[in-house]
Amino acid sequence: RHTNRADILELAQLQTERRGHGRLVSKLFSLEYFGDHLPFQQVDAAAGHAVRQLYYSTGLVDLFLEDGDTAKLQAAERVWDSAYSRKTYITGGQGSRHSDEAFGDDFELPPDRAYAETCAGIASFQWNWRMLLATGDGKYADAMETALYNVIAAAVDDEGNHFFYTNPLQMRTGHVGGRDNSPTARLSWFDCACCPP
């Protein structure tokens, strides 16, 4: 859109069409983790690595806005319905499993084990922005606001130099943290520095 380069749009289309055919083989992760278990036209639930799912859904909506292929928007709407009706914390956090940083089963939302990465909150905000642009439905603005105030803003300290990578809803008394995936306080750096901003 911003470059007016057809080759970039064609590459994005090609990547979307190739995904979901079981081509990503890994001994460590499942096809669902990569979002390679089903073509987007058949996907009906948020699954696998949460941040990857959220950014992929964002890309589907971007492509819909470029090419008008309603199958892409319909797939994003199905995943949104799954994510927001059964797999999102009241705070807007997404991704309940520490294992694979993934969406869990329907209603698998433990408060003390919430992974709910900050970068998932950022990806959620971006996806909901695209959904709002594509549909004009206010529920996407509501989801943006929830993620902004309860995940993105809450992850950063007042000085802006210490962050939460994960955002559990509660800490059990006596919890000893400090590692990247279960800190008891905001940290200045993480071994995996994909987020926060």
Side-chain angles (χ1 to χ4, degrees), residues 7-64 69 71-84 86-89 92-110 112-128 130 147 151 155 163-168 177-183 187 189-197:
D7 59 326
I8 293 173
L9 180 59
E10 289 171 16
L11 178 60
Q13 295 280 14
L14 182 63
Q15 289 175 332
T16 301
E17 292 300 327
R18 286 186 174 170
R19 192 162 184 176
H21 299 284
R23 294 187 174 116
L24 298 173
V25 179
S26 169
K27 292 181 181 179
L28 298 175
F29 301 106
S30 68
L31 293 175
E32 192 174 73
Y33 170 86
F34 293 111
D36 197 31
H37 59 299
L38 292 170
F40 73 84
Q41 298 92 333
Q42 298 173 23
V43 172
D44 62 0
H49 186 271
V51 176
R52 184 176 286 112
Q53 173 71 78
L54 295 165
Y55 279 128
Y56 181 66
S57 297
T58 302
L60 282 177
V61 180
D62 278 339
L63 286 172
F64 160 74
D69 179 1
K72 293 179 178 85
L73 180 61
Q74 291 167 350
E77 288 173 328
R78 287 191 307 273
V79 171
W80 194 95
D81 288 340
S82 164
Y84 282 89
R86 301 183 300 277
K87 299 183 179 193
T88 299
Y89 288 93
Q94 294 177 313
S96 61
R97 293 185 179 168
H98 282 244
S99 175
D100 300 341
E101 302 178 331
F103 280 104
D105 295 329
D106 288 352
F107 306 106
E108 180 187 340
L109 299 166
D112 61 328
R113 292 289 299 156
Y115 203 66
E117 288 180 82
T118 300
C119 39
I122 295 166
S124 168
F125 186 90
Q126 293 178 12
W127 179 29
N128 279 290
R130 301 318 196 287
V151 180
F163 311 89
F164 280 129
Y165 185 94
T166 61
N167 294 282
R179 298 187 338 252
D180 281 3
N181 63 354
S182 63
L187 302 178
W189 186 254
F190 296 90
D191 290 339
C192 177
C194 66
C195 66

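Scope of the values below: all heavy atoms of this structure, side chains included, with no hydrogens, waters or symmetry mates.
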message: Any non-hydrogen side-chain atom of V151 less than 4.5 Å from a side-chain atom of F164?
response: no
message: Donor-acceptor check, side chain of S124 to backbone of A120, threshold 3.5 angstrom: yes or no?
response: no
message: Ignoring hydrogens, what is the shortest heavy-atom contact between Q53 and A46? Give both atom names and the distance.
response: OE1-CA, 3.9 Å
query: Would you say the side chain of Y89 lies within less than 4.5 Å of the side chain of P110, judging by non-hydrogen atoms?
result: yes
message: Nearest 0.5 angstrom please: L31 CG to H37 NE2, how far?
response: 9.0 Å
query: Given L24 and R18, is the side chain to side chain contact (heavy atoms under 4.5 Å, CB included) satisfied, shown in steps?
result: CA-CA 10 Å; L24 298 173; R18 286 186 174 170; over 6 Å; no
field: Within-4.5 Å side-chain heavy-atom neighbours: K87 and S96
entry: no
statement: Correct closest heavy-atom pair for D69 and F64 would be O-CD1, 3.4 Å
- request: Nearest 0.5 Å please: distance from the CD atom of E77 over to the CG atom of L60.
  value: 11.5 Å
- request: Determine whether V43 and V79 make a side-chain contact, defined as any pair of heavy atoms from C-beta on separated by less than 4.5 Å.
  value: yes
- prompt: Of all heavy-atom pairs between A147 and G121, which one has the smallest distance, and what is that distance?
  reply: CB-O, 4.0 Å
statement: Taken to the nearest 0.5 Å, the spacing of C119 SG from E117 CD works out to 4.0 Å
Contact check, side chains of F103 and E108, non-hydrogen atoms, under 4.5 Å: no
field: Point-to-point distance, once rounded to the nearest 0.5 Å, from CD of Q15 to OH of Y56
entry: 9.5 Å
message: Is the ring pair W127/Y84 parallel, tilted or perpendicular, if the boundaries are 30 and 60 degrees?
response: tilted
message: The test is side-chain hydrogen bond (donor to acceptor under 3.5 Å, both in side chains); show your working for N167 and T118 and say whether it passes.
response: CA-CA 7 Å; N167 294 282; T118 300; 3.1 Å; yes
query: OH/Y55 to CD/Q126 distance, rounded to the nearest 0.5 angstrom?
result: 4.5 Å
query: So, do R86 and S82 sit near enough that their side-chain heavy atoms are less than 4.5 Å apart?
result: yes
message: Tell me if a side-chain donor or acceptor on R78 pairs with a main-chain N or O of Q41 at a distance below 3.5 Å.
response: yes
- prompt: Looking at CG of L9 and CG of L14, how far apart are the two atoms once the value is rounded to the nearest 0.5 Å?
  reply: 11.5 Å
- line: Looking only at heavy atoms, the pair that brings D36 and R19 closest together is OD1-C, 3.6 Å
field: R52 and E101 ion-paired at < 4.0 Å
entry: no
